[in-house]
Structures are given as C-alpha cells and as structure tokens.
Chemist: 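Below you'll find the structure I mean.
From a predicted model like this one, the values you see are computed outputs, not experimental measurements. Proteins come first, then strands; the chains are lettered A, B, ... in the order of their sequence lines, and each starts at number 1.
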Protein chains: 4
Amino acid sequence: MSPGRLETFADGVFAIAATLLILTVDGAVEGHGADLGESLRHAWPSYVGYVVSFVTIGIMWTNHHTVMSLIARVDRRFLLANLGLLMCIAFVPFPTRLLAENIRGDGAESAALAYGFTLTATAVFFNLVWFYAERGRRLLRADADPRIVTGLNRTYLPGPWIYLGATLVALASPTASALLYLAIAGLYVFESSLFGGRTATD
Amino acid sequence: MSPGRLETFADGVFAIAATLLILTVDGAVEGHGADLGESLRHAWPSYVGYVVSFVTIGIMWTNHHTVMSLIARVDRRFLLANLGLLMCIAFVPFPTRLLAENIRGDGAESAALAYGFTLTATAVFFNLVWFYAERGRRLLRADADPRIVTGLNRTYLPGPWIYLGATLVALASPTASALLYLAIAGLYVFESSLFGGRTATD
Amino acid sequence: MSPGRLETFADGVFAIAATLLILTVDGAVEGHGADLGESLRHAWPSYVGYVVSFVTIGIMWTNHHTVMSLIARVDRRFLLANLGLLMCIAFVPFPTRLLAENIRGDGAESAALAYGFTLTATAVFFNLVWFYAERGRRLLRADADPRIVTGLNRTYLPGPWIYLGATLVALASPTASALLYLAIAGLYVFESSLFGGRTATD
Amino acid sequence: MSPGRLETFADGVFAIAATLLILTVDGAVEGHGADLGESLRHAWPSYVGYVVSFVTIGIMWTNHHTVMSLIARVDRRFLLANLGLLMCIAFVPFPTRLLAENIRGDGAESAALAYGFTLTATAVFFNLVWFYAERGRRLLRADADPRIVTGLNRTYLPGPWIYLGATLVALASPTASALLYLAIAGLYVFESSLFGGRTATD
C-alpha cells in the first residue's frame, strides 16, 4: 500500500470525526424546555467542547500529515498502528458530548476521565505510529530531513504524559481538568500562530 | 503541506456537512402525529432550510476551491484559518435545524440569530483565509491572475457585513431575517446562472 | 474548476448518502418491544429499502462518473446543476426511511409519493446536468465518443417519466408503487449483469 | 471507470462506516440513569463492539486495497459486486449496536445471528469481487504477481465458512459466538503483527 492511499482513508476518518462533533451540540439543545434562547445559552459547554475537539482533531490531522510526508512505504504493522490511531480519533465525539453534558453535574469526574483517557490513548497511538516508522529509519524516506525527525521525536514523546496528567487532575477537580484540555488545544493554536510564518511541513 | 492535501480534507468536511443536513428534515418529521401526509406538509420549513443551507455550503465549497487554485503553498497560520472556516461549515446543520423547527414559534428570534451568527462567523473566517494568503501576495502563486485576485477582494470583504445585517434584522422580525438568508443564497444562484457561461474559476 | 475536483466532492456526497442509509434500519428496529428476533423480522421493509436505495445511489454514482468522463471543463451553471443533483442524492435516506416505516400503515401513500418525487427530481437534475453539458457539445471533450453520447441521450431522457409514472401509481396503490421502485433498481442490476462484460464506461 | 475511481468511492464508504460505529457507543450510554460512571462501566460491550468492528472494517479495507492493486480495469459486473460488498460494509454498524446492547439480555441470540450473517454476507461478496476478477485473469493486470493471486485465492475462500460457523454457534451460545467474532478480528491483528515486517501489499 502506498502512503498516499493510507492518507486518503485517514483524511476521511479525520474529516468525518470532526464533522460528527456537531451532534454534540445537537444533543445538548435537543431536550430544551420552553425558551430556545435560554436553552441555547445554557448549552455553552457544548460549543466550547465542539471548538476544542475540532481544533484538537484538526491539529492531529496536520501532525499525521507531517508524519506521512516523511514515510517512504507502509507495512502491515504500521497500518495496524494507524488503524488504532484512527479508532481513537473516531471515538473523540463521544467523550466530547459526555463532557459537555456533564461538566456542570454529578457526572463531571467520569466525563472528564473519559475525555482524557481517549486523548491519552490517541497520543499513545500517535507515538506508536511515529516511532515504529522512525526506529532505525525503518519506513522513512531516504531524504527525510533529520531535523524534522528529531523535532517530531521531541514533540510526540511527552504527548501521552501531558494528557495523562490532565486526565488525573479530574480526580481532584473535573473543571480544572477540562480547563487543561482547553489550554492544551489553545497552546497548539498559539504555537502555530507564533511560528506560523514557516510552511506547514516545517 | 501541499494545497492539494488541504483541499482533500476540506472537501470531506464540506461534503459531510452538506449531507448531514438531511438530519434536519429527519428531525422535523420524526415527532409526527397520526397523519404522515399532514406532518410532511407541516415540515415545509425544513425542506427550505435544507435547500438554502445545501446551496450555501455548495457555493462556499466552490469559492474555497477558487481560493485554493490561487495558492502556491500552505503555512500553519493559513491552516489554522482554514480549520476555523471548516469548523463553521460543519456547524451549519445545527442552526439550520433550529431555524426550521422554530421559525413558526416562540424561538424564532433565537434561531434566526443562531443561523445568522454562524454564517457571519463563516464569512469572517473566509476573509481571514483569503486576506492572510493575499496580503503582500504571501501565499499566492506567481501566476495568480491579478484580476481574479482583485475580484475576490471585492467579493469577500462585504460578506460578513451582509450576513451580520441580515442577522440583526432578526431582532425586529425573524421571518424577514430568514427571508434574507434565502435571498442571499438565491442571489448566489442567480449570479452564477447569469454569468455561468464562463468557466468556474473565472 | 477541473472536472476531477467536482468528482471528488460528488463522490463524497454519494458515499455519505449511501452509508447514512443504515440509519433507516437503525430507526426501524429502535422502538422494538420485548423480543429482538421478532422486531428484527418485523423490520424487513427497512432492509429492502436499504438495498434498493443503496443500489439506486450506487448506479447513479456510476452514471455520474460516465458523464464526468466525457466532460472537458466545468462552468458555474454546470456546477449548480450538479449541486442540485447532489442535493437530491443526499435527500434519498429520508424518504427511504419514511417508506420503510410506513409501507404497512396509513402513511403508505404519502411515503411512496415522497420517495417517488425525490427520485423523479433526482432524474430531472441528472438530465439538466447531462443535457446542459451535451447541447452543442458545450462542455464535452473533443474526443467524446459520439456513440456513448447518443447512448446517454437515449438513456437519461425517459428517467424522470419512468419515476414520475411509478410515483403516481402510489395514488392507486402505494404497494404497487414501492414494487415498481424495486423493479427499476432490479432492472439496473439485471441490465448491468447482462451487458457487464464490457468495461464500465461503455 | 478506472480502478482508482472505484477505490476513492470505496474508501469513502469504508471510512464513514468505521466512523459511524461511534453511534454504537453513543446509543449504549444515552439512556443512562443517575450515575454516569456506573453507566460508562455498564456500557463495556459497546467499547468491545466498537473495537472489533473497527478493526474488522479496517482489515477489510486493506484487503480491498490489495485486490484493487491487482486490477487492470473495471467492468459493470465487477462494479456491482463491489456495490454489494460496500452495502454489507455500510451495514456493519447496525448489528454491532444490536450485539453490544443485547449480548447480556434475551436478544443475545438474534443479535449474534444478525452480526454473523452480516459478516458472512460481506465475506461472500468479497469472494464474488475477487473471483470474478481472477477467473481466467479476467480483470487482472498483466503484471499481477501469481504468488499474491494464489495467496488471495487461499485466503478468501474459507472466509464465508469461518463466519458462517461462528454465526451458527450463536444457536447454542450467543456469548461463544461473540467471542469467536472477537477471536477472528484478533487473529487478523496477530497475523498482521507477526508477518508485518513485509510491506502491506505482500
């Protein structure tokens, strides 16, 4: 299988998962009472959840592309690691809805844990995908820029720990945990804006 | 990232958002009473909403393509602006359903405002995408036709104001506001029919 | 816009509309009572509807490809006609669900009319797409095979009338109308099997 | 129609069907009572179902690609067989949800049968697709590697029988049947991990 074929399939899953996030907002307003304006205001966590998860999936899509642009060929184990990653990405709309609906209620802790563990698992699979390809330059293109490779090594490794940390904070305070998820997404955007003058594969 | 890759992802989001609009119609007929014919007739605003939003998303997809055909390269800020745009596009099915279900009831004003603000935000991100690329010809191809560039400048700039105006009309009359959204989509179609003899990237 | 770009977008809508048909089956079994086996047997019209609409959308997708393979360029009117066609295709899951749920009840006539009018409108837009491109060979490739062109002319023209006829039968007997929709899809499959030895663009 | 065009459409259906599996999980938690944590734990069969079906669809997607990489041209019968295959793939989210929701209740047998028959039908269509193309090398590329062709012949032929066997086990024990579906998916993953050092088209 060519890397291009895998990318087409992956792009499809990323795009569909992101677009299905709207069902989060749909669900939050569906059971509204008499006053639509009131229920639209009350549903604000679902808008935040929509934006945070959309940005998170979007950033992961760009990162996935960066990885694929360095890949010369695809073997079955790499394919499996990618399936695992996409399985996590397609899962994201579910805990997003959970967190948006429960952040102000008794289920806040469970919802924040569900969201966090999903993103932790996603980050773990991202590392599997990348380091399986990178170890001994197993699947890398001959002309893969060593600085980009080193940069990705440095960027991906802490990912699972950062998300795991934010997840465990939920045991003390689900709200703090949710704010951390927001902050991580915000950081991605900020970092991209700051260094955005370079082309996207830098 | 090549412009082509971004387009594939964007095409996916545009196509899925447009196709998910059918859930608007589904929802409008779901709670029907004894007589299906009656409830199908009663659901007419959802058909109008389906058509208006489908056409609006379709036109935006063609405009997005026109922009991308002028782009030589993609940097991270441009990518972020595009993510914001796609986030708005994927959001459209939600206010479409709101407006279709509430235009004849107490929630008409809230629903018309929700629809209008979504399209205003979409137009704002369209301007961000375009003018970020166009300023100083930052991301444009060397052979980008100056007349098309000037034409897009003139076309996109008023977009947010037109939608914001139609949105604010909802404070006086939600029905008038909804008719304006319809008229704007109709205008796109009319203008395209009138000048349609030229090829689509003109 | 290149024909290839339009095809990518159209493929997305065709694929999503076909895949969303599963919600028809989902809905038919959802409100089941105590015995799952019984409710699965009771839901048989939704399986028939799923197959008929999936095959219909699939055949239309192949036909759309045949048209696009003859097209040299795309103008805005052609684009609009295609948007209209895709709007109808994305609509198909809705009347499919209506017909599957109501064929055995009071709403059979309304549901059969809704299904039929949707497919009639789809056939009308198919004719608009094709004959706009074909008239005076406006958008056709210079090397478009005249026999294929003549063949498509002969094939597409009766489409709306066939579907309109089957639709109007619903006024007398919704069941007969539903059987006609089934027969039309079956005919496509049969004809394709019979003459299938030729390559798909014949 | 070029094989590439068919692949794009098929990729769309595979990706959407896989991503829609999340609705399985959504549905399992939706009717939860007071305690979210409890209902999230109670919904564990839906997570298993999500993973098993996602992996199964993912493996089928890679197999479909292997077939398509050997194909020189597409005729209408081959197209029809592919439509049948995609119709089964798009159906998978439905029995997945059934099985996840009913494995612990009275409907376990019906649900396990529904899941099994769907996968059996999928395997049958996979054989139709492959052997229609392979018989007399009807649609194969001139340079199709005979060892891969023989390998696929050996791999695909037992598929329907394996799934039919696992399905019929449901008549004695739905749980055993569900464990077999799990084991089959696990086997695919294990086999891919074991022989994964080779490139994905081996």
Side-chain angles (χ1 to χ4, degrees), chain A residues 4 7-8 10-30 32-41 43 46-47 50-59 61-66 68-69 188-202, chain B residues 1-21 23-24 27 72-99 101-102 105-114 117-118 132 138-139 174:
Chain A
E7 271 197 287
T8 309
D11 279 10
V13 173
F14 278 105
I16 301 156
T19 315
L20 283 183
L21 286 168
I22 195 58
L23 300 183
T24 299
V25 183
D26 246 28
V29 178
E30 207 140 77
H32 66 79
D35 185 30
L36 179 61
E38 176 58 32
S39 76
L40 282 175
R41 278 187 295 276
S46 72
Y47 312 138
Y50 177 80
V51 172
V52 169
S53 289
F54 202 103
V55 168
T56 303
I57 292 178
I59 300 281
W61 167 72
T62 68
N63 286 343
H64 190 255
H65 171 73
T66 307
M68 294 306 293
S69 69
Y188 287 137
V189 173
F190 179 76
E191 184 236 36
S192 290
S193 312
L194 213 63
F195 304 111
R198 300 173 302 167
T199 59
T201 47
D202 280 1
Chain B
M1 182 174 292
S2 71
R5 291 284 308 159
L6 174 55
E7 271 197 287
T8 308
F9 183 72
D11 279 9
V13 173
F14 278 106
I16 301 156
T19 314
L20 283 183
L21 285 168
L23 300 183
T24 299
R73 59 189 192 86
V74 169
D75 68 14
R76 289 188 80 91
R77 283 184 200 143
F78 184 74
L79 216 53
L80 278 175
N82 270 280
L83 277 184
L85 173 61
L86 294 174
M87 198 161 69
C88 293
I89 295 287
F91 201 80
V92 167
F94 169 65
T96 301
R97 193 170 68 80
L98 282 183
L99 191 51
E101 285 179 12
N102 292 285
D106 288 342
E109 187 186 307
S110 300
L113 289 172
F117 283 132
T118 303
Y132 177 74
R138 191 187 277 129
L139 306 177

Chemist: May I ask you to decide if the ring planes of A/Trp61 and B/Phe9 are parallel, tilted or perpendicular, using 30° and 60° as cut-offs?
Modeler: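 Taking B/Phe9 first and then A/Trp61, their aromatic rings lie parallel (interplane angle under 30°).
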Chemist: With a 4.5 angstrom heavy-atom cut-off, could you sort out which part of B/Arg97 is near chain A: side chain, backbone, both or neither?
Modeler: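 B/Arg97 touches chain A through side-chain heavy atoms alone.
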Chemist: Name the atoms and distances for all side-chain donor-acceptor pairs under 3.5 Å in residues 14-24 of chain A, with sequence neighbours left out.
Modeler:
unit_1  : atom_1 : unit_2  : atom_2 : d
A/Thr19 : OG1    : A/Ala15 : O      : 2.6
A/Thr24 : OG1    : A/Leu21 : O      : 3.0

Chemist: Does any part of the side chain of A/Leu40, heavy atoms only, come nearer than 4.5 Å to the side chain of B/Leu98, both counted from C-beta?
Modeler: yes
Chemist: Rounded to the nearest 0.5 Å, what's the gap from CG on B/Leu113 to CG on A/Leu36? Could you check?
Modeler: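 These two atoms lie 10.0 Å from each other.
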Chemist: Which bit of B/Ala111 comes within less than 4.5 Å of chain A, counting heavy atoms only: side chain, backbone, both or neither?
Modeler: both
Chemist: Who are the salt bridge (Lys or Arg N to Asp or Glu O under 4.0 Å) partners of B/Glu7, not counting sequence neighbours?
Modeler: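 B/Glu7 satisfies salt bridge (Lys or Arg N to Asp or Glu O under 4.0 Å) with C/Arg5 once adjacent residues are dropped.
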Chemist: Working to the nearest 0.5 Å, report the span between CG of B/Leu83 and OH of A/Tyr188.
Modeler: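 One finds 13.5 Å between CG of B/Leu83 and OH of A/Tyr188.
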Chemist: Measure across B/Phe91 and A/Tyr50 and return the closest heavy-atom pair with its distance rounded to 0.1 Å.
Modeler: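 Nearest heavy atoms, B/Phe91 then A/Tyr50: N-OH, 3.3 Å.
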Chemist: Measuring from atom CG of A/Asp11 to atom CG of B/Asp11, what distance do you get when rounded to the nearest 0.5 angstrom?
Modeler: 10.5 Å
